[in-house]
Amino acid sequence: GKVKLTDHAAEWSVLNALVADNDKLDEINLSSEDFDDNQARVIFSTISNRVNRALRADIKTICSVLMDAKATAAASAAATLAPFVAGNIMYYADKVRDLSKKRCIVNIMREVKEALEDATKTGDDISGVVEAGMTRLSGTRATGIRSMGEILIQTVKLLSDRVAAHGGETLDDLAED
């Protein structure tokens, strides 16, 4: 089956907990880039910016700041937040962070796969493509992502070698075998 790469309920649970207890921001170790939902990303960024400047980040204030910034969709979404006890915030923050890592790996792997297919079509050396993928992985902020990504890149490299050995089939054709 497909790997689940998003959990918007977890993202919104983090936001709900943060508006209830702004002090939890320091504990969760998330950035706005960890959020897949664009409105959640904008709201988290607004909460984070305010808390980091020692300003209030309750629902009313967040909605007002977003409206002033002409982020009306995010302001409307923020108005639906329902603060709750932040006891489960670490569970949801961990879930958001883990899914963010998976999305990062998948995106890098898509780029590597496309570059490998292009290289095999043109007969170019693929070692540079694999190195570029490794560099992208090492440049991510996600802890532990490099080792998982290295395994995936090596898998794509093996598929690419099969492409070359089978006269130019695409990686998708071989993956279906």
Applying side-chain hydrogen bond (donor to acceptor under 3.5 Å, both in side chains) to Asn38 and not counting sequence neighbours gives Arg41
For Asp98, the salt bridge (Lys or Arg N to Asp or Glu O under 4.0 Å) test, sequence neighbours excluded, returns none
side-chain contact (heavy atoms from CB on, under 4.5 Å) filter on Ala119, not counting sequence neighbours, yields Asp124, Ile126, Val129
The complete set of side-chain hydrogen bond (donor to acceptor under 3.5 Å, both in side chains) pairs with one or both residues in residues 59-79, sequence neighbours excluded, reads Asp58-Thr61
Ring pair (Phe, Tyr, Trp, His ring centres under 6.0 Å) pairs touching residues 93-113, sequence neighbours excluded, are none
The complete set of ring pair (Phe, Tyr, Trp, His ring centres under 6.0 Å) pairs with one or both residues in residues 45-72, sequence neighbours excluded, reads none
Sorted by chain and residue number, the salt bridge (Lys or Arg N to Asp or Glu O under 4.0 Å) partners of Asp36 (sequence neighbours excluded) come out as Arg103
Note to self: So Phe44 and Val96, do their side chains get closer than 4.5 Å, heavy atoms only?
What the structure shows: no
Sorted by chain and number, sequence neighbours left out, side-chain hydrogen bond (donor to acceptor under 3.5 Å, both in side chains) with Asp118 holds for none
With sequence neighbours left out, the residues meeting side-chain contact (heavy atoms from CB on, under 4.5 Å) with Glu27 are Lys24, Met90
(message) As a quick check of understanding, evaluate side-chain contact (heavy atoms from CB on, under 4.5 Å) for Leu18 and Ile28, giving each step before the final call.
(response) CA-CA 10 Å; Leu18 284 176; Ile28 62 173; 4.0 Å; yes
Residues at least two apart in sequence or cross-chain that pass side-chain contact (heavy atoms from CB on, under 4.5 Å) with Ala40, listed by chain then number, are Glu11, Trp12, Leu15, Phe35, Asp37
The side-chain contact (heavy atoms from CB on, under 4.5 Å) partners of Thr80 (sequence neighbours excluded) come to none
- prompt: With a 4.5 Å heavy-atom cut-off, do Leu81 and Ile43 have their side chains touching?
  reply: yes
Sorted by chain and number, sequence neighbours left out, side-chain hydrogen bond (donor to acceptor under 3.5 Å, both in side chains) with Ser48 holds for Asn52
